[in-house]
Amino acid sequence: MAVEFSVDEARERLTELIDRAEAGEHVVITRFGAPAVSLEPSPVPAQRGGAFAAGVVAASWVAPHDGGTFDVGTDYWSDPGTA
């Protein structure tokens with residue numbers, strides 16, 4: 001039998017629901033009282049126990065070119081075709 005959670009409940013308890021689905025429990029998330037999605041374990045086995053950033057494709061932090069302060073609102077990447 002499936003366990004059902006509303007979208008709001010699922011948002012608050014997502015980690016728990018993922019753990020339950022990985023353990024084999026059928027978890028259904030409902031929207032407006034009707035089933036919307038179902039959580040199930042991935043058919044690809046998890047590769048746990050790896051490095052800190054296992055599964056991260058790329059991550060970087062870009063500093064300003066002029067050595068000034070970092071402005072979060074600034075787009076440091078030029079748009080394609082304008083550079």
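Basis for what follows: all heavy atoms, side chains included, without hydrogens, waters or symmetry-related copies.
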Nearest heavy-atom neighbours spanning Ala10 and Ile29 | CB-CD1, 3.8 Å
Do Val7 and Leu39 sit in the same hydrophobic cluster, where Ile, Leu, Val, Met, Phe, Trp and Tyr count as joined when their side-chain heavy atoms come under 4.5 Å apart?
-> yes
Check whether Ile18 and Val28 end up in the same hydrophobic cluster, where Ile, Leu, Val, Met, Phe, Trp and Tyr are linked by side-chain heavy atoms less than 4.5 Å apart.
-> no
Test side chain to side chain contact (heavy atoms under 4.5 Å, CB included) applied to Val27 and Arg20, Glu40, Glu22, the passing residue = Arg20
Under 3.5 Å, side chain of Glu16 to main-chain N/O of Arg13, donor-acceptor pair present?
-> no
side-chain contact (heavy atoms from CB on, under 4.5 Å) assessment of His26 paired with Val3 | CA-CA 6 Å; His26 186 200; Val3 220; over 6 Å; no
For Pro41 and Ala21, which heavy atoms make the closest approach, and how far apart are they?
-> CG-O, 3.1 Å
For the atom pair OG (Ser6) and CZ (Arg11), what is the distance rounded to the nearest 0.5 Å?
-> 8.5 Å
Reported CG-to-CZ distance for the pair Leu17 and Phe5, which is rounded to 0.5 angstrom = 5.0 Å
